[in-house]
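Values below: all heavy atoms of this structure, side chains included; hydrogens, waters and symmetry mates excluded.
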Amino acid sequence: MDIFYGSTRGSQERVPASKAILQGLAKDGGLFVPDRLPVFDRTMEAFAGMNYQEIAYEVMKLLLTDFTEEELKSCIGKAYDAKFDTPSIAPVKKVGGSYYLELFHGKTIAFKDMALSILPHLMTTAAKKNHVENEIVILTATSGDTGKAALEGFADVEGTRILVFYPKNGVSAIQERQMVTQQGKNTRVVGIYGNFDDAQTGVKQLFADEELAAWMRERGYQFSSANSINIGRLVPQIVYYVYAYAQLLREHAITSGEEINVVVPTGNFGNILAAYYAKNMGLPLRKLICASNDNKVLYDFFATGVYDKNRDFVLTTSPSMDILVSSNLERLVYRIAGEDAQKTASLMQSLGQEGKYAITGKMEKQLSDFYGNYATQEECAAKIRSLYESFGYVTDTHTAVAAAVYDKYRQETADQTKTVIVSTASPFKFTKSVMAAIDEKYRDKEDFALVDELEKIGKVQVPAAVAQLRTAPVVHDIQCGRGEMKEAVKAFLLS
């Protein structure tokens, strides 16, 4: 039975997956959501006998129903190949009493590779299916990792251009270097004077700008998005939760049907929403533990039922989580509102006008799948140090936030359920913060100077993604103000 996608905000638009992927955002500004969540048609034992690519097909076929088997398998084959540095794609490693799902073995050493390796193939396939003649312009805001992964995925892909906005001085030195050295005739990177929320809000406004849309149509262009607002980003993320469970089952760490917890370091809410979708599709997940950093807007939401972005923005050592407007939360709000699009639209209007909204008591009761907490930068650093000293395991700052929050969860609940901590980036992306956490003597050294030292103490080879940055020339050196993003788009398309 085919799945169709409609807006969280209530327009009557219902489109197949391919059109939702192409469009990115619904015409009324809402996010595309499936009209139902199907149930897995394979058993957990069957999944345990499959590799990553096979599980990806079995999961994605259920939600991308207008893609043929041949089309979907072709996209999967092109995405999950030798660009990952391990055949297992997303290995699970036991560290102490927890399991770490390592999602950083792709080309840009962050979890965004898991979805952004396949999104360009889904999008170009969707364009052919829908006889699109315009050139697709991928417009993306990034808090650090999405930008590089999207640039890498779409670089020199025929029929596309990609423009990435990132907060100047709001990402790590290595994250910035990865983006500004990006090759590709169809790529552009622009640093904006503001934070990630400014970049994200600006991108949403550009999508809704009718004058800009008309200007682009006249010149043969149309927008789409590589941000996690695109359903083509969200669906592939469901896969690795199923794969993690399958690995644990295959290794006899759990029994079939046994529930596990997952801990997800969370910024824009897409990664943990994928876990929520997986649970609703039949994956035996018990608690979805939402880990925030000092920008604890999600922790406060789960604690009070009030989402309030009216607070100071904190630049932390986990910059990909430095977010006050978690876009994908809208999809969860829509679900707990009983798929009431009018109610969702009203709450999002309140967020836009007043910077906050409050859900009803009835909606709050439907959040029982989730536990929210946060870790300060000091707690994050302490966790990096303790994992290294106790187990010789070096983790990045975002994963450390998740691990520190998991400690708090266990202290509060005494829950002994086996737990997977989602490891979202390589420590080599944040060498200065990671090494300073391990030993104060590294605090005054620069990121790149610490790469070799991290390789030595972590006993892990420097990823190619970092090694090549040492000599890579800067290709993109453009900045703009928050109000100049529209001009930046036009300048790119006229170049």
> So Val401 and Ser292, side chain to side chain contact (heavy atoms under 4.5 Å, CB included) or not? Walk me through it.
Replying inline: CA-CA 7 Å; Val401 167; Ser292 299; 5.9 Å; no
If the threshold is 4.0 Å, N to carboxylate O, is there a salt bridge linking [X] and [Y]?
X      : Y      : answer
Glu251 : Lys94  : no
Glu152 : Lys83  : no
Asp407 : Arg410 : yes
Asp452 : Arg470 : yes
Lys61  : Glu69  : no

>> Set out, in order, the CA-CA distance, both residues' side-chain angles and the distance that settles side chain to side chain contact (heavy atoms under 4.5 Å, CB included) for Phe154 and Thr140, then state yes or no.
In response: CA-CA 12 Å; Phe154 281 95; Thr140 292; over 6 Å; no
Over 12 foreign heavy atoms within 6.0 Å of [atom1], [X]:
X      : atom1 : value
Lys129 : NZ    : yes
Glu412 : CD    : yes
Tyr374 : OH    : no

Does the side chain of [Y] come within less than 4.5 Å of [X]'s, by heavy atoms?
X      : Y      : answer
Leu469 : Thr181 : yes
Lys429 : Asp396 : no
Arg177 : Phe448 : yes
Met123 : Thr160 : no
Val59  : Phe40  : yes
Leu332 : Tyr334 : no
Thr316 : Met321 : no
Asp35  : Glu339 : no

Where [X] and [Y] come nearest, the two heavy atoms and their spacing:
X      : Y      : answer
Asp156 : Lys185 : OD1-N, 3.0 Å
Ile384 : Thr395 : CG1-O, 4.0 Å
Gly10  : Asp28  : N-OD2, 3.5 Å
Phe84  : Asp113 : CZ-O, 4.1 Å
Thr431 : Asp447 : OG1-O, 2.7 Å
Pro16  : Phe4   : N-CD2, 3.8 Å

Sidechain-backbone polar pair: [X] side chain, [Y] backbone, donor-acceptor under 3.5 Å:
X      : Y      : value
Tyr245 : Gly257 : yes
Gln200 : Val325 : yes
Thr397 : Thr317 : yes
Gln222 : Ile136 : no
Asn373 : Val405 : no
Arg385 : Ala437 : yes
Ser18  : Ala126 : no
Thr266 : Phe269 : no
Ser143 : Ser320 : yes
Gln53  : Tyr80  : yes

Does the gap between the ring centers of [X] and [Y] come in under 6.0 Å?
X      : Y      : result
His398 : Phe111 : no
Phe32  : Tyr5   : no
Tyr52  : Tyr240 : no

Rounded to the nearest 0.5 Å, how far does [atom2] of [Y] lie from [atom1] of [X]?
X      : Y      : atom1 : atom2 : result
Arg250 : Met44  : CZ    : CE    : 13.5 Å
Leu63  : Ile231 : CG    : CD1   : 7.5 Å
Glu330 : Thr8   : CD    : OG1   : 3.5 Å
Asn261 : Ile289 : CG    : CD1   : 4.5 Å

> Does Tyr371 have Lys287 sitting over its ring (NZ/CZ under 6.0 Å from centre, angle to axis within 45°)?
Replying inline: no
> Checking side-chain contact (heavy atoms from CB on, under 4.5 Å) against Tyr100, which of Val420, Val92, Thr399 comes through?
Replying inline: Thr399
Test item: side-chain donor near acceptor, [X] and [Y], under 3.5 Å:
X      : Y      : answer
Asn268 : Asn328 : no
Tyr406 : Ser98  : no
Ser256 : Glu45  : yes

> Yes or no on ring-ring contact (aromatic ring centres under 6.0 Å, His included) for Phe370 and Tyr276, after CA distance, side-chain angles and deciding distance?
Replying inline: CA-CA 9 Å; Phe370 293 89; Tyr276 177 74; 5.5 Å; yes
>> Set out, in order, the CA-CA distance, both residues' side-chain angles and the distance that settles salt bridge (charged side-chain N to carboxylate O under 4.0 Å, His left out) for Lys418 and Glu259, then state yes or no.
In response: CA-CA 8 Å; Lys418 294 184 179 76; Glu259 290 187 330; over 6 Å; no
> Do Lys19 and Asp66 pass the salt bridge (charged side-chain N to carboxylate O under 4.0 Å, His left out) test, and can you show the C-alpha distance, the side-chain angles, and the key distance before you say yes or no?
Replying inline: CA-CA 10 Å; Lys19 286 191 175 180; Asp66 67 325; over 6 Å; no
>> One pair to check against side chain to side chain donor-acceptor pair (under 3.5 Å): Ser117 and Lys107. What are the steps and the verdict?
In response: CA-CA 9 Å; Ser117 292; Lys107 205 164 182 181; over 6 Å; no
>> If you apply the rule side chain to side chain donor-acceptor pair (under 3.5 Å), what do you find for Tyr409 with Asp415, and how did you get there?
In response: CA-CA 8 Å; Tyr409 171 77; Asp415 182 8; 2.6 Å; yes
> Could you go step by step and tell me if Val132 and Leu22 meet the side chain to side chain contact (heavy atoms under 4.5 Å, CB included) rule?
Replying inline: CA-CA 9 Å; Val132 171; Leu22 280 173; 3.8 Å; yes
> What residues form a side chain to side chain contact (heavy atoms under 4.5 Å, CB included) with Ala337, not counting sequence neighbours?
Replying inline: Asp340, Lys343, Thr344, Met363
>> For a side chain to side chain donor-acceptor pair (under 3.5 Å) check, start with the C-alpha distance between Gln182 and Thr187, then their side-chain angles and the critical distance, and finish with the verdict.
In response: CA-CA 8 Å; Gln182 176 67 50; Thr187 66; 5.6 Å; no
